[in-house]
2 protein chains.
Amino acid sequence: MPAPSSRTGGTSHTGRSRTAVAARSTAGTRDERKLRTRRSLLDAALELLSGERSFSSLSLREVTRSAGVVPAAFYRHFPDMEALGLVLVEESFTTLRELMREARSAPLPPSHLVRRSIATFLGYVEEHPLHFRFIAKERYGGSTTLRFAIRSEIRLWVSDLAVDLARFPNLRAVSTDDLQLVSGLVVQAVVHATELTLDLDPADERERAQVRFQAERQLLMILLGAAAWQTERPSTRA
Amino acid sequence: MPAPSSRTGGTSHTGRSRTAVAARSTAGTRDERKLRTRRSLLDAALELLSGERSFSSLSLREVTRSAGVVPAAFYRHFPDMEALGLVLVEESFTTLRELMREARSAPLPPSHLVRRSIATFLGYVEEHPLHFRFIAKERYGGSTTLRFAIRSEIRLWVSDLAVDLARFPNLRAVSTDDLQLVSGLVVQAVVHATELTLDLDPADERERAQVRFQAERQLLMILLGAAAWQTERPSTRA
DNA sequence: CATCCTAGTGAACGACTGTTGACTAGATCC
DNA sequence: GGATCTAGTCAACAGTCGTTCACTAGGATG
């Protein structure tokens with residue numbers, strides 16, 4: 001039962017068949033329309049990536065087809081599929097970092113800050129599953145360009161976290177370098193948990209809660225280890 | 001300057017151009033020859049995967065071409081590219097687990113066991129970079145089948161490690177479940193470090209050493225946290 | 001109003017893809 | 001030593017791919 005193609009009203013365009021994600025309307029200024037098409041290309045790619053597909057196996061034609069646009073139109077917006085991928089990386093992390101910055105700006109004691117940050121992060125992941133699924137898949141698997149872009153964004157994020165950790169009274173004595181290592185571990189654990197989450201049945205709240213619970217325990221262990229770090233270090237290594 | 005095709009002596013076959021990884025010789029029983037072709041298919045895939053390519057973007061024809069075989073011949077060995085992928089997963093981990101089992105069987109005090117295990121693991125990675133590169137890339141990115149196969153192998157590995165950790169005197173009081181979490185963290189850190197290594201310049205020993213050093217520090221932190229776990233837990237969580 | 005500008009179209013290209021079926025040469029088996 | 005079995009070949013198929021080009025419709029601009 002194919003739905004009638006008059007969803008957005010408008011000028012009815014042509015009678016062409018559209019599998020489009022977001023049927024672009026004919027409203028707005030020219031720049032706005034262009035931007036809208038660009039967005040629907042990005043969204044189409046994101047949507048296609050939400051399934052099995054990896055970015056490198058995604059074809060330009062698929063993206064344009066799913067965005068309701070002719071293949072050649074792609075080149076009006078991106079020179080390359082890789083360019084589109086880089087935009088996806090960028091917008092994934094800018095959104096994330098904004099949110100995390102908000103979360104940290106709250107006037108709370110440090111211990112609550114971590115929990116608050118975790119909650120914010122998980123909230124972000126649940127609200128933008130497509131972006132994060134993309135990141136998770138391409139972090140190690142993508143092209144060198146994509147992989148390095150993601151890696152450098154994650155490094156920024158790790159540094160942000162390290163700054164927060166520095167405020168913890170019981171981490172006061174840990175050196176800056178070691179704090180980076182600690183927050184690296186934290187980010188790893190969180191990202192890994194998220195990647196597990198992405199393969200879970202979205203309805204099964206019990207399983208989700210378990211993954212979250214285990215991740216929290218792991219974080220506590222890491223922080224505990226970090227707190228014990230400066231006191232025990234001399235004995236474990238020269 | 002194309003090399004003469006008489007490398008393996010033999011019947012000179014045909015004058016056909018071969019980009020083959022391992023030019024299959026005509027020696028041996030029929031089963032042996034079949035096995036040899038199968039191997040060259042697997043090796044060809046592995047080799048192609050060593051670069052940018054992800055498994056899902058790898059074509060059947062590429063593999064056969066690079067193995068020096070006609071595309072149709074592929075089906076005499078695997079029904080599917082995915083089937084080939086699963087074989088790669090399996091053989092990656094069986095090799096690894098054998099080595100790790102050897103490493104653990106050495107009669108050493110627990111503390112040395114960990115260091116020994118890490119050395120063994122890194123040795124494996126350096127000797128079988130192609131297998132591990134494949135695993136690293138497909139752990140999150142591959143098809144569901146591949147991803148789950150890898151994940152379950154890693155789970156086995158985590159469990160093995162947890163058994164070892166249980167022998168540590170200062171982890172005596174940590175529950176079995178929590179030990180799984182600890183070894184999960186350890187494996188995460190190691191795998192991540194390895195994945196970083198894969199992008200490094202193989203010649204730059206300084207950079208490699210740094211990654212390895214950081215990973216070791218991270219492991220020590222984790223183990224420290226685990227050791228402090230049972231003593232502090234009551235105060236951090238109900 | 002006429003002019004320019006450009007996002008999107010449509011058709012075509014050469015190359016590559018997975019899969020098929022009939023075949024052949026040569027090891028294996030009785 | 002003749003029949004059998006099969007790994008690998010060859011040719012062909014219907015698709016899909018990225019990229020190009022000349023084009024057009026219709027908003028932007030003077």
Side-chain angles (χ1 to χ4, degrees), chain A residues 10-20 22-42 44-45 48 53-85 143, chain B residues 5 8 10-20 22-42 44-45 48 53-85 143:
Chain A
T11 50
S12 90
H13 214 12
T14 58
R16 199 156 303 285
S17 73
R18 289 260 151 103
T19 40
R24 290 159 300 120
S25 78
T26 58
T29 157
R30 187 143 81 177
D31 284 353
E32 286 171 347
R33 298 190 63 190
K34 174 165 188 182
L35 220 69
R36 207 150 45 224
T37 305
R38 182 186 141 104
R39 186 96 294 273
S40 65
L41 283 171
L42 292 165
L48 289 167
R53 321 293 314 280
S54 75
F55 187 79
S56 56
S57 76
L58 198 60
S59 78
L60 183 152
R61 286 183 109 103
E62 265 178 306
V63 173
T64 57
R65 196 183 310 137
S66 165
V69 146
V70 106
F74 182 91
Y75 298 99
R76 302 284 181 204
H77 303 274
F78 309 98
D80 228 36
M81 275 296 288
E82 189 176 72
L84 182 146
S143 70
Chain B
S5 62
T8 50
T11 52
S12 91
H13 216 11
T14 59
R16 201 156 301 285
S17 72
R18 289 258 150 106
T19 40
R24 291 158 301 121
S25 78
T26 58
T29 158
R30 187 143 80 177
D31 283 354
E32 285 172 349
R33 298 190 63 190
K34 176 165 187 182
L35 219 69
R36 205 150 46 223
T37 306
R38 182 186 140 102
R39 185 98 292 274
S40 65
L41 284 170
L42 290 165
L48 289 167
R53 324 291 312 280
S54 75
F55 186 78
S56 56
S57 76
L58 198 60
S59 78
L60 182 151
R61 285 183 110 104
E62 264 178 308
V63 173
T64 57
R65 195 183 310 137
S66 166
V69 145
V70 106
F74 182 90
Y75 297 100
R76 302 283 181 204
H77 304 273
F78 309 98
D80 227 36
M81 275 296 287
E82 189 177 72
L84 184 146
S143 69

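Proteins come first, then strands; the chains are lettered A, B, ... in the order of their sequence lines, and each starts at number 1. Just the heavy atoms: all of them, side chains too, but no hydrogens, waters or symmetry mates, feed the values below.
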To the nearest Å, how far apart are A/Lys34 NZ and C/dT9 P?
14 Å
Would you mind reading off the distance between B/His77 atom NE2 and D/dT6 atom P, rounded to a whole angstrom?
13 Å
Does the protein touch nucleotides 19-30 of chain D at the base, only the backbone, or not at all? Give it as B, S and - per nucleotide, heavy atoms under 4.0 Å.
BBB----BBS--
Quick one: A/Glu82 CD to D/dG18 P, roughly how many Å, whole number?
14 Å
All side chain to side chain contact (heavy atoms under 4.5 Å, CB included) counterparts of A/Ser54, not counting sequence neighbours:
A/Ser56, A/Ser57, A/Glu138, B/Ser54, B/Ser56
List, one per line, each side-chain donor-acceptor pair under 3.5 Å for residues 73-81 of chain B, sequence neighbours excluded.
none

For B/Glu82, what residues pass the salt bridge (Lys or Arg N to Asp or Glu O under 4.0 Å) criterion, not counting sequence neighbours?
none
Can you check the B/Leu35 CG to C/dA27 P distance for me, whole Å?
18 Å
Residues in salt bridge (Lys or Arg N to Asp or Glu O under 4.0 Å) contact with A/Arg39, at least two apart in sequence or another chain:
A/Asp43, A/Glu91
Rounded distance in Å - CD (B/Glu32) to P (D/dA7)
14 Å
Out of D/dG8, D/dT16, C/dA7, which has the shortest distance to the side chain of A/Arg65?
D/dT16
Quick one: B/Arg38 CZ to D/dG8 C1', roughly how many Å, whole number?
17 Å
